[in-house]
There are 2 protein chains.
Amino acid sequence: MTSTNSLTADDLGSAAQRDRRKRILDATIALATRGGFDAVQMRAVAEQADVALGTLYRYFPSKIHLLVSALGREFEKAEAAGRGKPIPGDTPHERVMYVLGRTTRGLQGEPHLTEALTRAFMFADASVQNEIHHVGMLMTSMLTRAMQPGKTDLTEEDVAIAKVIGDVWLAALVGWVTGRTTSEDVTRQMDVAVRLLLR
Amino acid sequence: MTSTNSLTADDLGSAAQRDRRKRILDATIALATRGGFDAVQMRAVAEQADVALGTLYRYFPSKIHLLVSALGREFEKAEAAGRGKPIPGDTPHERVMYVLGRTTRGLQGEPHLTEALTRAFMFADASVQNEIHHVGMLMTSMLTRAMQPGKTDLTEEDVAIAKVIGDVWLAALVGWVTGRTTSEDVTRQMDVAVRLLLR
DNA sequence: GGACGAAGTGAAACGTGTTCCTATTATGCC
DNA sequence: GGCATAATAGGAACACGTTTCACTTCGTCC
């Protein structure tokens, strides 16, 4: 039934449309990587993706949709890369911290991109529900996998804990991208939270 | 030394200036209460506060500064109202949940205002550091007081826990103001987090 | 191959945050 | 009181997200 606001990857029939969508998201990532949230200007994205401004808005009804969709794609990419590999660590704490550390380092390697995506995520309103939910699910499943590798049946409690960790991580990330905390602060905050939550 | 970007309450000598500042913040709250983040338009704030647009920008260098400052003032007001009164509840969990519940209900009574202030808070960047820090301190101290009423010496662990709870609360609030979760969800999320963190 | 609707183009226009500039008014000092 | 300086008013101008519209191109069905 595909009742989303922005065109998702699935309901694009034509290959040309899939290609346009990809070009748009590529341009978004490129601009965000170079200059962050402010550099992702709709006219610039349209030009770099070689589509008209109106077309860009047909694919993504707002800058926020665009950026959150880009975040979803990046997250999927990262998740696919890590899938299958076992997560090192002897305890849930160690494994979760490993995953968080790896992801956090990845984000901190591209500070502008991270700033753009994080701020879009935090600014998104109800109209971006689907995209947000998608990202949230990926985040939660990444964390539950680290908590209980191999186990397929997760208790509600496990999921709740993962969500709390995700919340704290997000808040820490926001502090970092907005220049209020350092990357060490982020690691420290996460360590405290994970230690308290997974004991 | 007062090296803030926006004029804080302290370094306004003249009473007329203090009054202008107050009028501006009052107008901000009024507009936000009526129509949320989008309704707080700088021209409208200036008009309602009976100052010129340029003057508004002299007092608050951006819409975000304005809204976060307004949040700080409201938070202080709420904190002052609750100060002195003992917090009901026999355990830290009960007391923290009481404080969170009361504050959350207060916020949910003015959904537009809450939306405006929360989004501004989440969107703020490093230039709003001072105002953000101010609000963060108030939030943390409110929580630590509920955790350890009467105790004056808090361990680092206590503060860390309070910060984590604050993070989760913020994330839950963002979910609510952006229409992704219900108020019951917020309460449930907080209950889980507090139970896990204060055991 | 032609018709028709959907999708894309290109450009103008609008709304709102932000900046800038000049004239006017308030404030403090002599 | 008169003056120097800062603060404010008033309003134009700019930037960028978003909308709109007339026109063209593309895909599909007959």
Side-chain angles (χ1 to χ4, degrees), chain A residues 2 4-9 11-25 27-28 31-32 34-70 116 119-120 123-125 127-128, chain B residues 2 5-8 11-24 27-28 31-32 34-70 116 119-120 122-125 127-128:
Chain A
T2 66
T4 34
N5 293 317
S6 66
L7 279 52
T8 63
D11 44 39
L12 265 60
S14 127
Q17 284 175 321
R18 252 193 307 282
D19 189 55
R20 267 197 199 87
R21 189 172 200 277
K22 178 177 182 318
R23 287 207 312 273
I24 291 171
L25 289 177
T28 303
L31 287 166
R34 183 139 353 123
F37 187 87
D38 290 341
V40 181
Q41 300 185 359
M42 300 304 269
R43 290 172 178 85
V45 172
E47 187 179 358
Q48 181 151 339
D50 204 33
V51 298
L53 189 56
T55 305
L56 172 54
Y57 272 95
R58 167 184 291 274
Y59 279 71
F60 301 95
S62 80
K63 174 170 172 171
I64 299 294
H65 280 85
L66 174 59
L67 280 166
V68 176
S69 299
R119 297 184 82 180
F123 204 66
D125 68 355
S127 74
V128 203
Chain B
T2 67
N5 293 316
S6 65
L7 278 53
T8 64
D11 44 38
L12 265 62
S14 128
Q17 284 175 324
R18 251 193 308 281
D19 189 56
R20 269 198 197 85
R21 190 173 199 276
K22 178 177 183 316
R23 287 206 312 274
I24 291 172
T28 303
L31 287 165
R34 184 143 348 125
F37 187 86
D38 290 341
V40 181
Q41 300 185 359
M42 300 305 268
R43 289 172 180 83
V45 172
E47 187 179 1
Q48 182 151 340
D50 203 33
V51 298
L53 189 55
T55 305
L56 172 53
Y57 272 94
R58 166 184 290 272
Y59 279 71
F60 301 95
S62 79
K63 173 169 173 171
I64 299 294
H65 281 84
L66 173 59
L67 280 166
V68 176
S69 299
R119 296 185 85 181
M122 299 313 301
F123 205 65
D125 69 354
S127 73
V128 204

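This one's a predicted model, so the numbers in the text were calculated from it and none came from an experiment. Below, chains carry the letters A, B, ... as their sequence lines are ordered, and counting in each starts from 1.
- Between dG17(D), dG17(C), dT18(D), one nucleotide has an atom nearer to the side chain of Ser62(A) than all others, and that is dT18(D).
- Residues Gln41(A) and Leu31(A) are not in side-chain contact: their nearest non-hydrogen atoms beyond the backbone lie 4.5 Å or more apart.
- Atoms CG (Leu53(A)) and C1' (dT9(C)) sit 11 Å apart, rounded to a whole Å.
- Regarding Gln17(B), its CD atom lies at a distance of 9 Å from the P atom of dT27(C), rounded to whole Å.
- Here dG17(D) is the nucleotide among dT19(C), dG17(D), dT27(C) with the atom lying nearest to any side-chain atom of Gln41(A).
- For the pair Arg43(A) and dC16(D), the criterion of a side-chain N or O lying under 4.0 Å from OP1 or OP2 is not met.
- Look at CG on Leu66(A): it is 14 Å from C1' on dC16(D), rounded to the nearest Å.
- The separation between Tyr59(A) atom OH and dA6(C) atom P is 16 Å, rounded to whole Å.
- Each of Ala16(B) and Gly54(B) was assigned the nucleotide of DNA chain C with the nearest heavy atom; the assignment lying further toward the 5' end belongs to Gly54(B).
- Cation-pi check for Lys63(B) over Phe123(B) is not met; the charged atom does not lie both under 6.0 angstrom from the ring centroid and within 45 degrees of its normal.
- Spacing between atom CZ of Phe60(B) and atom P of dT18(C) amounts to 13 Å, rounded to whole angstrom units.
- Met42(B) has its CE atom 19 Å from the P atom of dA12(D), to the nearest Å.
- Taking for each of Ala52(B) and Ile64(A) the nucleotide of DNA chain D with the nearest heavy atom, the 5'-most of the two is the partner of Ala52(B).
- With dA12(C), dA9(D), dT18(C) as the candidates, the nucleotide lying closest to the side chain of Thr55(B) is dA9(D).
- Counting only heavy atoms from C-beta outward, the side chains of Tyr59(A) and His65(A) never approach each other to under 4.5 Å.
- The structure places CD1 of Ile64(B) at 4.5 Å from CZ of Phe37(B), a figure rounded to the nearest 0.5 Å.
- Asp125(A) has its side chain within reach of Arg119(B): a pair of non-hydrogen atoms, C-beta onward, lies under 4.5 Å apart.
- Atom pair Arg23(A):CZ and dA7(C):C1' shows a separation of 14 Å (rounding to whole Å applied).
- In this structure, Val45(A) reaches neither bases nor backbone, as no heavy-atom distance under 4.0 Å exists between it and the strands shown.
- In the set dT8(D), dT19(C), dC16(D), dT19(C) carries the atom at the smallest distance from any side-chain atom of Tyr57(B).
- Within the 4.0 angstrom heavy-atom criterion, only backbone atoms of the sugar-phosphate kind lie near Arg20(A); the bases stay farther away.
- Considering only the side chain of Val51(B), dA9(D) comes nearest among dG8(C), dA9(D), dG17(C).
- Here dG8(C) is the nucleotide among dA12(D), dG17(D), dG8(C) with the atom lying nearest to any side-chain atom of Arg58(A).
- When the C1' atom of dG15(C) is taken as reference, atom CZ of Phe37(B) falls 15 Å away, rounded to whole Å.
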